[in-house]
Amino acid sequence: MENKINHILTLQDGTKFLVINQVIFREKNYYFVAKVTEDESDITGEYRIVEETKDGDRVYLSTVQDAETVRMLAEYLEPQE
């Protein structure tokens, strides 16, 4: 898994997120991300846990919706000091 912590991910709609932490869980990559402003100068206060899915060369990110999965991932994705 490539380390994406502190990297900006840009979604297809142009929304940008800073990767705060990442983990592999059940053979999938998950990221704890914070939405950033368009100019990438500040965090907006919106946070998500997203799941990475690969289809050939394409990578897709989707927000984790299942409450039990979010709860379990939150333990692993909590930022370390």
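Only a predicted model underlies this, so the values are computations on that prediction, with no experimental measurement involved.
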Does any non-hydrogen side-chain atom of [Y] lie less than 4.5 Å from one of [X]?
| X | Y | value |
| --- | --- | --- |
| Q12 | Y60 | no |
| D42 | V36 | no |
| K28 | K54 | no |
| K16 | E38 | no |
| V19 | L9 | yes |
| L18 | I43 | yes |
| T63 | I49 | no |
| T53 | E51 | yes |

Check whether any side-chain N or O of Q22 sits under 3.5 Å from a backbone N or O of N29 as a donor-acceptor pair, and report yes or no.
-> no
Is it true that L11 and V59 fall in one hydrophobic cluster, defined by side-chain heavy atoms closer than 4.5 Å?
-> no
Which pair of heavy atoms, one from [X] and one from [Y], lies closest together, and at what distance?
| X | Y | answer |
| --- | --- | --- |
| Y30 | F25 | CE1-O, 3.3 Å |
| T69 | D66 | OG1-OD2, 2.6 Å |
| D39 | S41 | OD1-OG, 2.7 Å |
| V64 | V50 | CG2-C, 4.1 Å |

Begin with the C-alpha distance, continue with both residues' side-chain angles, and end with the deciding distance and a verdict on side chain to side chain contact (heavy atoms under 4.5 Å, CB included) for H7 and E2.
-> CA-CA 11 Å; H7 286 83; E2 178 185 344; 5.6 Å; no
Does D57 CG have over 12 foreign heavy atoms under 6.0 Å away?
->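 Incorrect, the count does not exceed 12.
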Stepwise, does the side-chain hydrogen bond (donor to acceptor under 3.5 Å, both in side chains) test hold for E52 with Y31?
-> CA-CA 8 Å; E52 179 183 88; Y31 305 101; 2.9 Å; yes
Would you check, one step at a time, whether the test side chain to side chain contact (heavy atoms under 4.5 Å, CB included) holds for V33 with I20?
-> CA-CA 5 Å; V33 297; I20 296 171; over 6 Å; no
